[in-house]
Protein chains: 2
Amino acid sequence: MVSTNSLNQMTTSDTDSASSLRRALKLLRILSEGNPEGLRLKDIAEAAGCSQPTAHRMLQDLAAEGFAEQAAGKRYRLALDFYVLAARAGQASGLRDAARPALLRLSATLSDTIFLLVRNGFDAVCLDRVEGPFPIRSFTGDIGGKVPLGLGQGSLAILANLPEDEQEAVIRFNIPRLLDRGFLDEASLRGALAQARAQGWVNTSTGLIPGMAGVGVPVLDAQGRAVAALSVGTLAERLNADRLPHVVRILQSEAQALAGKLNPFDVALRYPSRSLSTIGAN
Amino acid sequence: MVSTNSLNQMTTSDTDSASSLRRALKLLRILSEGNPEGLRLKDIAEAAGCSQPTAHRMLQDLAAEGFAEQAAGKRYRLALDFYVLAARAGQASGLRDAARPALLRLSATLSDTIFLLVRNGFDAVCLDRVEGPFPIRSFTGDIGGKVPLGLGQGSLAILANLPEDEQEAVIRFNIPRLLDRGFLDEASLRGALAQARAQGWVNTSTGLIPGMAGVGVPVLDAQGRAVAALSVGTLAERLNADRLPHVVRILQSEAQALAGKLNPFDVALRYPSRSLSTIGAN
DNA sequence: ATCCCGAATTCCGACATCCTGAATTTATCT
DNA sequence: AGATAAATTCAGGATGTCGGAATTCGGGAT
């Protein structure tokens, strides 16, 4: 049989006493995590823990609103409208627009790929990316992609500059996830964090991805909390001792300028106080 | 105030006798179209045509599932989770991954900004984009952005290569929208379409955006229908008579190669993928 | 080409959930 | 601070929802 959901440990606080709306939203998550070609109704119903007619009706509604669609073979998948709709979600803080000129400058100056990452719960999310001419492999992947905080240069830079207690909570939650991805034990993570905090930037040529290297710097808000990170991803050979200081300097300069433009209006992104309800998913 | 501009497609039977789920989904659309900083409950309720308590409860559910969040000032807006979730929606056809190498090659070769557009209803959606060193203004905007079919090079290239009846339907629907954006009367649109169909590519240096120019070519499926477009956006001076033919040729070449890779996902000729493949790996 | 089986979709009665209006708390403005 | 408007909570009553059963659809084998 289809092995049940892989990562969903404690999907929601209330086992099954969720509202019908929340159940429907779970369907979207299921679709998002499933095969992009589409999922069969039966499997969706099973994953959602509801009957087939119920799943069917909800999916019909989702389709009618343009959130889902039925591909050939009757398979259901997310529709493009959903994508379009969400494109504006990243704009919340205006960070993306604020950072774009910096990304373009950095990419033009360094001829490398530049990432803009923001913190989102226990993850870093790639909010934007400008590609350089060199082919890059990164954890972060595409725009909209996410990595556990601590994995990768920018992600590490953010984690290193969180308030003590939050950092600790994130570390505790992410250690298993990091081990799953095959990198870092807790000791080396804490070592890397200490160094990152001390020197203000992160340099990982430590072979996480063979041949790749990068530099990440945090973007700090008025309280010194990391809300984002700028990072460079490039070939290891392009980050030698000669070039590294230059790259760090220019990155830090842009990060600082960006911090100045931050909208102080909503820096304090709040996290749902209700236990671990929403963060378990994905 | 908040006008409920619903550009919903034909699929939506727009009677107000919608299920509660569909009403909730409309809320997401309202949030998406509203001020990215967030909307007040009162306005949301008004735009959705429901009472405040109802809107409130639905928004609470949306927030609990990570689709929305409450910013300072109690304003509601889409959350980053939504963005992350939707990032995988664009993957439906695998077109994006298939096209990425081509985009990178084109950008590297031409030193200009390259767009990948796909058709979505009456719009063209920017599925991916690789930026060149020159600052560009485009209709399409960011990844996830959309333009009415017919506006812009790639968008025009798609429209020009749709089946007769669909094209006609799109034109009829889009004419007012195009006029709204201040460009093109119907006659010149039809003229441009005829030319685009005849020569196989679109060249707009016709001053839609001052100083900007671009070339778009359609990506055709096995039946000769346009499913996507590749386009170049650049400064008008960079598309002179000398360079234009070269740009067109290389674009067409990539578009053709891309068409060959298109997934014939119409029929499930696929061998039963029961084993492991239904669970998408990350 | 036909049969057969599993999946998808439709139907319907019982029931739980959701909606509206009023009350209470919280934020915003003068 | 006071006043006002918005946001949130609360409680019945109505409506939409749920899941089993029946039907249609589609795919695979003989």
Side-chain angles (χ1 to χ4, degrees), chain A residues 1-2 12 14-27 30-31 34-35 37-65 68-77 265-266 268 270 272-274, chain B residues 1-2 11 13 15-27 30-31 34-35 37-65 68-77 264-275 278:
Chain A
M1 266 302 159
V2 179
T12 9
D14 306 321
T15 10
D16 61 331
S17 66
S19 73
S20 67
L21 172 52
R22 288 181 64 174
R23 263 169 283 156
L25 295 176
K26 278 222 165 52
L27 287 188
I30 290 167
L31 289 178
N35 185 333
E37 304 242 341
L39 269 55
R40 299 184 315 171
L41 174 64
K42 189 193 179 193
D43 295 330
I44 297 172
E46 180 182 343
C50 65
S51 71
Q52 262 180 43
T54 299
H56 178 258
R57 191 167 28 73
M58 291 196 288
L59 285 166
Q60 290 303 324
D61 285 343
L62 290 173
E65 288 297 331
E69 66 186 0
Q70 238 175 331
K74 301 295 184 184
R75 282 202 185 70
Y76 291 91
R77 63 186 184 194
F265 178 61
D266 65 349
R270 302 172 333 186
S273 46
R274 38 181 60 198
Chain B
M1 275 303 171
V2 184
T11 54
S13 57
T15 58
D16 55 340
S17 64
S19 71
S20 67
L21 172 53
R22 287 181 62 175
R23 262 169 283 154
L25 295 176
K26 278 222 167 57
L27 252 49
I30 290 167
L31 289 178
N35 185 334
E37 303 243 339
L39 268 56
R40 300 185 315 171
L41 175 62
K42 189 195 178 190
D43 295 330
I44 297 172
E46 179 183 343
C50 66
S51 71
Q52 266 182 40
T54 299
H56 179 259
R57 191 172 32 72
M58 292 196 289
L59 286 166
Q60 290 302 325
D61 284 343
L62 290 173
E65 288 296 331
E69 67 186 2
Q70 236 174 333
K74 300 294 184 185
R75 289 223 253 290
Y76 290 92
R77 63 186 183 194
F265 49 76
D266 278 312
V267 199
L269 307 166
R270 297 271 164 196
Y271 21 83
S273 53
R274 291 308 172 74
S275 47
T278 49

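Scope of the values below: all heavy atoms of this structure, side chains included, with no hydrogens, waters or symmetry mates. Note on naming: letters A, B, ... go to the chains in the order of the sequence lines (proteins, then strands), and numbering restarts at 1 for each one.
Closest heavy-atom contact between B:D61 and A:L25: O-CD1, 4.1 Å.
With sequence neighbours excluded, the residues satisfying side-chain contact (heavy atoms from CB on, under 4.5 Å) with B:A45 are B:Q52, B:A55. Residues satisfying the side chain to side chain donor-acceptor pair (under 3.5 Å) test with B:R40, not counting sequence neighbours, are B:D43. B:T54 pairs by the side chain to side chain donor-acceptor pair (under 3.5 Å) definition with B:S51, not counting sequence neighbours.
When the P atom of D:dG16 is taken as reference, atom CZ of B:R22 falls 13 Å away, rounded to whole Å. Taking atom CZ on B:R23 and atom P on D:dG16, their separation rounds to 7 Å, with Å as the unit. Atom CG of A:D61 and atom P of C:dC18 are 14 Å apart (whole Å). Residue A:E46 contributes atom CD, which lies 12 Å from atom P of C:dA8 at whole-angstrom precision. When the P atom of D:dG16 is taken as reference, atom CE of B:M58 falls 14 Å away, rounded to whole Å.
For the OP1/OP2 pair of C:dC18 and a distance below 4.0 Å, the side-chain nitrogens and oxygens of A:S20 include at least one atom meeting the criterion.
A salt bridge does not link B:R77 with B:E37: none of the charged nitrogens is closer than 4.0 Å to a carboxylate oxygen.
Considering CG of B:L39 and CD of B:E46, their distance stands at 10.5 Å, rounded to 0.5 Å. Residue A:S19 holds its OG atom at 8.0 Å from CD of B:E65, rounded to the nearest 0.5 Å.
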Any N/O pairs under 3.5 Å between the protein and nucleotides 5-7 of chain D? List them or say none.
unit_1	atom_1	unit_2	atom_2	d
D:dA6	OP1	B:K42	NZ	3.1
D:dA7	OP1	B:L41	N	3.2
D:dA7	OP2	B:K42	N	2.9

Find every protein N or O atom lying less than 3.5 Å from an N or O atom of nucleotides 20-23 of chain C, and list the pairs.
unit_1	atom_1	unit_2	atom_2	d
C:dT20	OP2	B:S51	OG	3.1
C:dT20	OP2	B:T54	OG1	3.1

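Side chains of B:R22 and A:Q60 form no contact here, defined as non-hydrogen atoms less than 4.5 Å apart.
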